[in-house]
Each structure stands twice: as C-alpha cells, then as structure tokens.
Amino acid sequence: MAEENLSAVLYAKGDLRIENRPISEPGPNEVLLQMHSVGICGSDVHYWQHGQIGDFVLKKPMVLGHEAAGRVVKVGSAVSHLKPGDRVAIEPGVPRDMDEFFKRGQYNLSPTIFFCATPPDHGNLCRYYTHNANFCYKLPDNVTFEEGALIEPLSVGIHACRRAGVTLGSTVLICGADLFAERLGVAKELGADFQLTVKKDDGAQQLAKKVEEILGAQPQITIECTGVESCIQTALYATCSGGVVMLVGLGAAMTTVPLVNAAVREVDIRGVFRYCNTWPMAIAMLSSGKVNVKPLVTHRFPLEQAVQAFETTHQGLGIKVMLKCDKNDQNP
Ligand code: 572
Ligand code: ZN
C-alpha cells in the first residue's frame, strides 16, 4: 500500500515524533483498521514525560494510544464477524496465552497479555493499525467513533463497579482527583447527586463525617480514583461497615492507611487491573442512551498536532483530549 501511515511514536522520554511507519498486513485472525478517534490517557502522557511506568520501561520506539475506534479496511482470511466498512471500538488488551487466568475469565490478569502502548507493545495513535479481530467490536450506527474510543476508559469504570458490587440503589462515594470547578460541573451534569470539594486542612475522619452528612448515610461502596494517601484514608473511614473500598487510582507503592479500622468493620479493600469482558456492556450502555460520555470530550486535534494535544493534556486543560486520525473525517 502506498498510503501514508502517520503515527505518534515515542522514542524516549520527552521525544514524541509524528512520523510515517509501514502499514502491516492483517494476519488470518486480524483486521486492518483506518483509525478515526484516539483519546489521550494519563498513561500516554506519563510515558511521554517519564519514559516508564513502574517496571514498564520504554526501551525502543513505541506508538502511543489505547483509547481508540476506527473503520475496518481489510479482514484476515479467518475473520467472519467483520467486513470492510464496519465501524469498530478496539479493546487494547489481547491475551496471548490460554493460561489459567484466561480459562477463569480473568484474561486481564494474564502476565503475557498484549496491551496497546504498554512497552514494548505498540498502540494505535496512527492512521492505519492492525489488531486481533476478536477484540474489535462493531459499533451501532447511533454510537459515534469518539464514543467508541471512550469505551476504553468507561471499561475501567464498569470493571471497578462490577468488582465492587455496585447495583441499583447502591450508595456510592467516588473520590476523584479533580478540584477544578469545570470538571466537577461535568461530573454533576453526568449524574453525580452531591459533591464535596476537599479543603487543604480537612482531616480524613472529619471528611468522612462530612460525606455521611451530605449523603444522609455512609456509602456502601467507595471508588477511590486519586491514589492520594489522605483520600484512601478518607475512603476507608467513610465507607459503611461491611462495605467495599475499590482502589482505582494509583499512587505511592507504600501507603499508610487505617487498616485495622477497615478490618474490624469488615470493609473490603479491592483493586482493579484494567478490565475484561466490558465492551459489549459498554456498547449497550451508549447505544441505549443510558450513559452519556459525549460531554467528556473537551478538545480535538488532528493527528499531525499530537504534540500540542499531549501538551494540552499535560497542562490539565479540559477533560478528554481526542486525536482525529482520519484526514477526511474529523467529525466526532
Ligand atoms: O486504560 C488502561 C490504563 N491502565 C493503566 C493506566 C492507564 N490506562 N494502568 C496503570 C498502570 N498499570 S501498570 O501495571 N503498567 C504500566 C502495566 O503499572 C496498568 C494499568
Ligand atoms: Zn488508559
């Protein structure tokens, strides 16, 4: 194919280049996709800024991006559920082995999983990208490409809610990292019933009391998305006895928490590692209109301006920054 394949390639910390790469042929179980919309995740920015996350170190150039949707242009010989022209959302984690985790339905926990834009695996912030067809999900006509790309972060939320046991009528506290009025406004618009902005001098137990006052009860479940020590402490104190604290945000490897308080009140502390089996539910949530993710997209840049887009995300401006990878279609 003589077609260009502009890609956002991270060479080393601080060295993000927009350059052409070869277009790969789909294998028997793969599809070649023309990328449409790719959201920038905090982890993409972290690799750009630091060249690593924990033990995952960038050792050779890697294409960034894992929140993505595109259109099928070519299918491998064994693919029967997709055809050229289909619009799909991409699940970036593809298990490589049918190991014990895979057999238990927890393929996200497999140590050998392929994951877009986790070194050394390439991501999909490019014009053309090849992916396992079984991890590409056809989008209904009423779900946009951008909504398709947002299924990835939505999946983190679905998986966290599943593992926490969130159900109809659950009282849930979400600790988010944002003290910005604009972001909190969008949280309210999208369904938050009450909000509490933390003040610098508030103690964890004092805050837990405030949460109870505002909600009229202690939350049964707390989803902790900040990773900040004081917030984890608040989450544990705030949660009702017999409840669950779900740790989603990542912070320091070692953290001081009121563990005995949680233990004697049977507050379970759980974690998440990405997600599994979430795309079909997410598509149903978006297609039915039960969940609205559209207001989360605050900035759009053409792929050529990926560095500016990364700078915008790094500065904490807006909420979700989308890169538009199709030269001829920059629509949502
Ligand atoms: O959307 C998936 C995702 N996962 C993140 C971060 C951002 N986006 N994780 C945090 C980092 N870990 S990791 O185990 N790792 C680099 C593989 O530290 C994975 C999950
Ligand atoms: Zn991510």
Side-chain angles (χ1 to χ4, degrees), residues 8 10 13 16 35 37-60 62-69 89-97 101 106-126 129 131 135-137 146-163 176-178 223-228 232 246-255 270-279 281-282 293 296-297 299 306 309-310 312-314 316 318-323:
L10 183 65
K13 136 176 150 179
L16 177 60
M35 299 308 297
S37 296
V38 181
I40 300 180
C41 171
S43 70
D44 295 316
V45 176
H46 201 280
Y47 282 118
W48 174 51
Q49 286 293 306
H50 304 279
Q52 68 180 91
I53 299 181
D55 296 339
F56 288 78
V57 182
L58 186 82
K59 295 194 175 124
K60 55 184 176 50
M62 176 182 80
V63 179
L64 292 173
H66 61 269
E67 302 179 358
I90 302 170
E91 178 171 359
V94 182
R96 287 187 171 100
D97 294 304
F101 302 100
Q106 295 174 296
Y107 60 85
N108 57 315
L109 300 180
S110 172
T112 58
I113 194 167
F114 167 95
F115 198 91
C116 291
T118 293
D121 301 333
H122 288 300
N124 39 34
L125 188 39
C126 50
Y129 170 72
H131 199 71
F135 289 75
C136 296
Y137 302 82
E146 287 187 359
E147 290 179 287
L150 287 165
I151 289 177
E152 200 280 341
L154 177 58
S155 287
V156 177
I158 293 174
H159 189 65
C161 288
R162 278 184 184 160
R163 281 189 41 77
D178 297 308
I223 315 250
E224 208 301 306
C225 303
T226 74
V228 174
I232 302 172
M246 180 59 55
L247 302 179
V248 179
L250 291 182
M254 289 291 178
T255 310
R270 296 181 197 165
V272 286
F273 187 69
R274 300 173 180 147
Y275 38 68
C276 61
N277 302 312
T278 52
W279 260 252
M281 178 185 277
V293 294
L296 295 171
V297 181
H299 294 75
F310 271 71
T312 302
T313 312
H314 184 52
I319 301 177
K320 182 55 70 182
V321 177
M322 263 309 152
L323 280 159

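Ligands are counted one by one from 1 in listed order, and the atoms in each one are counted from 1 as well. Nothing fancy with the numbering, it's 1 onward along the sequence.
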**Prompt:** With atoms numbered from 1 as shown, which atoms in ligand 1 lie under 4.0 angstrom from a non-hydrogen atom of Tyr47?
**Reply:** 16 (C)

**Message:** For the backbone of Gly157 and the side chain of Tyr275, can you confirm whether one donor and one acceptor N or O come within less than 3.5 Å of each other?
**Reply:** no

**Asked** Got a protein heavy atom sitting under 4.0 Å from atom 19 (C) of ligand 1?
**Response** yes

**Request:** Determine whether the side chain, the backbone, both or neither of Glu152 has a heavy atom under 4.0 Å from any heavy atom of ligand 1.
**Result:** side chain

**Message:** Could you tell me, atom by atom, which parts of ligand 1 come under 4.0 Å of a heavy atom of Leu250?
**Reply:** 10 (C), 11 (C)

**Message:** Main chain of Ala252, side chain of Thr255: is a donor-acceptor contact present, judged purely on distance under 3.5 Å?
**Reply:** yes

**Item:** Heavy-atom side-chain proximity of Leu150 to Met322 below 4.5 angstrom
**Value:** yes

**Item:** Nearest neighbour in protein (non-hydrogen) for atom 15 (N) of ligand 1
**Value:** Phe56 CD1, 3.7 Å

**Prompt:** Relative to atom 12 (N) of ligand 1, which among Phe115, Tyr275, Phe273 owns the nearest non-hydrogen atom?
**Reply:** Phe273

**Message:** Main chain of Phe114, side chain of Thr118: is a donor-acceptor contact present, judged purely on distance under 3.5 Å?
**Reply:** no

**Asked** Counting heavy atoms not belonging to His299, are there more than 12 under 6.0 Å from its NE2?
**Response** yes

**Prompt:** Leaving waters out, which protein N, O or S atoms fall under 2.8 Å from the Zn ion (ligand 2)?
**Reply:** Cys41 SG, His66 NE2

**Asked** Any N or O on Thr118 sitting closer than 3.5 Å to an N or O of ligand 1?
**Response** no

**Item:** ligand 1 atoms in contact with Ser43 (distance to a heavy atom under 4.0 Å)
**Value:** 6 (C), 7 (C), 8 (N)

**Message:** Quick test of your reading of the model: are Lys320 and Glu67 salt-bridged, counting only N-O distances below 4.0 Å?
**Reply:** yes

**Prompt:** Within a strict 4.5 Å, meaning less than it, do heavy atoms of the Phe310 and Leu64 side chains meet?
**Reply:** yes

**Request:** Hey, could you give me the NE2/SG distance between His131 and Cys116, rounded to the nearest 0.5 Å?
**Result:** 5.0 Å

**Numbered atoms and elements of ligand 1 in range of Ile53, under 4.0 angstrom, heavy atoms** = 16 (C), 18 (O)

**atom 4 (N) of ligand 1: nearest protein contact (heavy atom, Å)** = Arg274 CG, 4.2 Å

**Fill in**
Quick note on ligand 1: atoms under 4.0 Å from a heavy atom of Cys41 include exactly 7 (C), 8 (N)

**Request:** Output yes when the distance from some N or O of ligand 1 to some N or O of His66 is under 3.5 Å, and no in every other case.
**Result:** yes

**Message:** How long is the straight-line distance from OH of Tyr47 back to CG of Leu10, given to the nearest 0.5 Å?
**Reply:** 10.0 Å

**4.5 Å side-chain heavy-atom contact, Tyr129 and Ile90** = yes

**Prompt:** Can you find a pair of side-chain heavy atoms, one from Asp44 and one from His66, that are under 4.5 Å apart?
**Reply:** yes

**Message:** If we ignore hydrogens and angles and just use 3.5 Å, is the side chain of Gln106 paired with the main-chain N or O of Asn108 as donor and acceptor?
**Reply:** no

**Complete:** Going by the 4.0 angstrom heavy-atom rule, the piece of Asp55 near ligand 1 is neither

**Message:** Yes or no, since that's all I need: does a protein heavy atom fall within a distance strictly under 4.0 Å of atom 8 (N) of ligand 1?
**Reply:** yes

**Prompt:** Is the backbone of Val63 close enough, under 3.5 Å, to the side chain of His122 for a donor and an acceptor to pair up by distance?
**Reply:** yes

